[in-house]
Colleague: 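I'd like to ask some things about the structure below.
Note that the structure is predicted; figures quoted are calculated from it, not measured.
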Amino acid sequence: MSETSHRTDPGAARIPRRSVLAAAAAGGGALAGSALLTGCSGAASASPTEAVPTSGPAGRPDRGGTLRIARPPASDAETLDPASALSAYEYLGALYNRLVRVGKDGKVAPDLAESWEPDAKATTWTFRLRRGVTFHDGSALTSADAAYTLRHILATATASPQGPVLAPLVDPKRLRTPDAHTLVVPLKSPHAEFPSLLTHYNCYVIPDGSARSIGRTGIGTGPFKLASFASAGPGRVVAYEDHWAGRPVLDAIDFFSVADMQARANALLAGQVDLLSQTNLDFATARVVAASSRATIARSKNAQWYVLPMLTTEKPFTDVRVRQAMKLAYDPEHIRKVALQGAGTLGWDNPVPPNDPAHVAAHPAHDPERARQLLKRAGHERLAVDLYTSSYDPIFTPMALAYQESAARAGIRVRIRTAAADSYYTQIWMKKPLMATYWYTGRPIDQLLNQVFRGGSSYNETAWSDKEFDALLDRARRETDGSRRRELYGQAQTLVIERGGAITPMFADRLTGISRKVRGYAEHGFEFDYRGIGLKGA
């Protein structure tokens, strides 16, 4: 499931579109608003690599101040329960901590757990928790909270996206807490990389017994505590003075919900907000933002992978030959040129990022003639398909149009269908046989392959089910030899490429709009350091 799939209500916004556009029409905002319109057409010839910064402003932030974050609107059912599929993602890193997290080097790093180790067969994992950690209500963190968090994720009633990932491994009844700072997790089967599954953002630790209230209270151990929250609306968090790693730089963060991407960008250019969360700007808009006096761009390399998922349970994509033809038919370089203006990295239908140690570079070449042959064998002299897109993300439609043009050379007629952005992830995603979407990179490979491609996973957007693939993942989990485990994950990637339903043309740099006052914005995976970010001259 795309990380933003729960955002369905465009109506709630603390900064209404009318006031954003009105502000943009006054003073420097007038220039910003018109510049966006001009930049989206007139500046396209500039080199994306040269015109867009690779990182945000350097230097240390000042202590204090309030960071203002604009985010896309979310569902009215949005909740602060991190285990939920409807969790308010932008709040999570501020309010909570996990047992472990993904470090800047891409490896599992300590968070609330100082250390962890498996037994000889990787069938039991023991986590040692930090001492002196308190929740926002003053209660001490104990291993009972960590065990309760896992049970909450695994509970059927929670319907957590991470539940199906952990359920084949963890029996909640067998979790043990021999003392207040030790959590023992016996597994149903060996898993040499089990801690990596706990880095997911559904795995933030909540207090023991808090399942019924956590969605409203947001009580965690994070660097900020909740001041206010409205589903699909505004919210505020304030610094937690007693955070175990030290007080955050900022005094507070205000969250605004703004439906339209251009309205969010205009709000940034007008100085009304400081950061655009979950907003991947297109290069034309990013160049305008980078050229302004108030704002600039923080660029995260290969931070998103773009995909055209084919539902393998719907015709014509039930036939693996059709799926293979759809992949061979298009030229990834053409799509990268059109959709990303040459930036980004070719995907070749492999969702594992190129910088992952287990990434497999081998792939079938673009071959429209071979695609024609496969379609003919599948009974299609000519194939016509609908491809759904929307304005939800600025890359979707250029990617879809480029695929349409490229696939036509293999005799595939692609009809572009534009759907409403506000209902795209409720009416189109996982419902239409072919559509455009994206995912954030940063997942460890076991998490990525099991969550997005394993048969039966709730995030398996192609509904692909392959027993050989699932068996490879099981073998990789049991394998304690690192080299052999990478080899097994490599074989699994090959099956995704050759048999799976995901057309993955490219990895794209995420272009995040930030104020020139922001300091310490350093993103890795799909999150940034809430404790270290701040403002200069606030």
Side-chain angles (χ1 to χ4, degrees), residues 48-49 283 302 304-312 316-317 319-356 359-389 395-416 433-439 441 452-453 461-462 464 466 490-509:
T49 302
F283 274 103
N302 291 340
Q304 297 180 188
W305 91 77
Y306 281 86
V307 60
L308 303 173
M310 299 175 280
L311 265 181
T312 61
F317 306 126
D319 193 320
V320 66
R321 295 169 296 186
V322 173
R323 301 197 296 269
Q324 291 170 344
M326 293 287 290
K327 294 178 181 181
L328 292 171
Y330 80 98
D331 180 2
E333 181 59 57
H334 176 66
I335 294 183
R336 182 176 71 162
K337 181 179 179 180
V338 172
L340 300 180
Q341 300 185 30
T345 302
L346 299 182
W348 289 109
D349 301 321
N350 186 355
V352 177
N355 61 338
D356 191 296
H359 172 80
V360 170
H363 56 78
H366 167 54
D367 191 342
E369 186 54 41
R370 172 66 174 158
R372 286 179 181 271
Q373 294 172 3
L374 285 169
L375 289 174
K376 189 173 182 179
R377 292 176 189 173
H380 301 280
E381 287 292 339
R382 291 185 64 83
L383 181 66
V385 295
D386 291 336
L387 171 53
Y388 284 81
T389 181
I395 305 301
F396 286 177
T397 297
M399 174 175 63
L401 291 170
Y403 182 87
Q404 177 191 52
E405 181 181 359
S406 190
R409 300 165 192 165
I412 300 175
R413 182 190 174 200
V414 178
R415 297 171 297 229
I416 304 297
L434 182 63
M435 49 87 69
T437 189
Y438 71 88
W439 293 76
T441 59
V452 186
F453 296 96
E461 62 187 353
T462 64
W464 180 52
D466 188 295
Q491 294 175 26
Q493 290 169 68
T494 299
L495 292 186
V496 169
I497 295 168
E498 294 181 351
R499 301 181 191 172
I503 300 170
T504 306
M506 61 204 175
F507 294 87
D509 298 350

Colleague: In terms of the angle between their ring planes, are Tyr306 and Tyr438 parallel, tilted or perpendicular, with boundaries placed at 30° and 60°?
Modeller: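 Answer is tilted, since the angle falls between 30° and 60°.
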Colleague: For Asn302 versus Thr345, what's the shortest heavy-atom pair and its separation?
Modeller: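 Closest approach of Asn302 to Thr345: OD1-OG1, 2.9 Å.
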Colleague: Answer yes or no: is there a side-chain heavy-atom contact under 4.5 Å between Ile503 and Tyr403?
Modeller: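 In contact.
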Colleague: For the backbone of Gly501 and the side chain of Thr312, can you confirm whether one donor and one acceptor N or O come within less than 3.5 Å of each other?
Modeller: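 No, because the side chain of Thr312 does not come within donor-acceptor range (under 3.5 Å) of the backbone of Gly501.
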Colleague: Are the side chains of Pro351 and Val496 in touch, meaning some heavy atoms are under 4.5 Å apart?
Modeller: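 Yes; the side chains approach each other to less than 4.5 Å.
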Colleague: Taking all atoms of both residues into account, what is the closest heavy-atom pair of Pro316 and Leu383, and its distance?
Modeller: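 Result for this residue pair: CG-CD1, 3.9 Å.
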Colleague: Kindly compute the distance separating OH (Tyr388) from CG (Leu434), expressed to the nearest 0.5 Å.
Modeller: 10.0 Å
Colleague: Look at the side chain of Gln324 and the backbone N and O of Glu498, then say whether any donor-acceptor pair between them is shorter than 3.5 Å.
Modeller: yes
Colleague: State the CD-CG distance between Gln304 and Asp509, to the nearest 0.5 angstrom.
Modeller: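 With rounding to 0.5 Å, CD (Gln304) is 9.5 Å from CG (Asp509).
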Colleague: Starting at CZ of Arg323, measure out to CE of Met310 and round the result to the nearest 0.5 Å.
Modeller: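 Arg323 atom CZ to Met310 atom CE measures 7.0 Å (nearest 0.5 Å).
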Colleague: For Ile497 and Pro364, work out which heavy atoms get closest and say how close.
Modeller: CG2-CD, 3.6 Å
Colleague: Output yes when a side-chain donor or acceptor of Asp349 lies under 3.5 Å from a complementary backbone atom of Thr504, and no otherwise.
Modeller: yes
Colleague: Using ring-ring contact (aromatic ring centres under 6.0 Å, His included) as the criterion, list what pairs up with His380, not counting sequence neighbours.
Modeller: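 Testing His380 for ring-ring contact (aromatic ring centres under 6.0 Å, His included), a comparison that skips the adjacent residues, returns none.
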Colleague: With rounding to the nearest 0.5 angstrom, report the CD1 to CZ distance, Ile412 to Arg382.
Modeller: 9.5 Å
Colleague: Measure the spacing between CG of Leu374 and NZ of Lys327 and express it to the nearest 0.5 Å.
Modeller: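 With rounding to 0.5 Å, CG (Leu374) is 12.0 Å from NZ (Lys327).
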Colleague: As an exercise, state the distance from CZ of Arg415 to CG of Leu387, rounded to the nearest 0.5 Å.
Modeller: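 Reported value, rounded in 0.5 Å steps: 11.0 Å.
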Colleague: Minimum heavy-atom separation for Pro505 to Pro332, with atom names?
Modeller: O-CB, 3.8 Å
Colleague: Can a donor-acceptor pair be found, under 3.5 Å and without considering hydrogens, that links the side chain of Ser406 to the backbone of Ile335?
Modeller: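 It does not hold such a pair.
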Colleague: Which heavy atom of Thr462 sits nearest a heavy atom of Ala502, and at what distance?
Modeller: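 Scanning both residues, the minimum pair turns out to be CG2-N, 3.9 Å.
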Colleague: Would you find a donor on one side and an acceptor on the other, under 3.5 Å apart, between the side chain of Asn350 and the backbone of Val360?
Modeller: yes
Colleague: Return the minimal non-hydrogen interatomic distance between Val385 and Phe317, and the atom names on each side.
Modeller: CG1-CZ, 4.0 Å
Colleague: Is it true that a side-chain atom of Arg409 and a backbone atom of Pro368 form a donor plus acceptor pair closer than 3.5 Å?
Modeller: no
Colleague: With no hydrogens and no angle check, do the side chains of Thr389 and Thr397 hold a donor and an acceptor under 3.5 Å apart?
Modeller: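 Result is yes, a qualifying pair exists.
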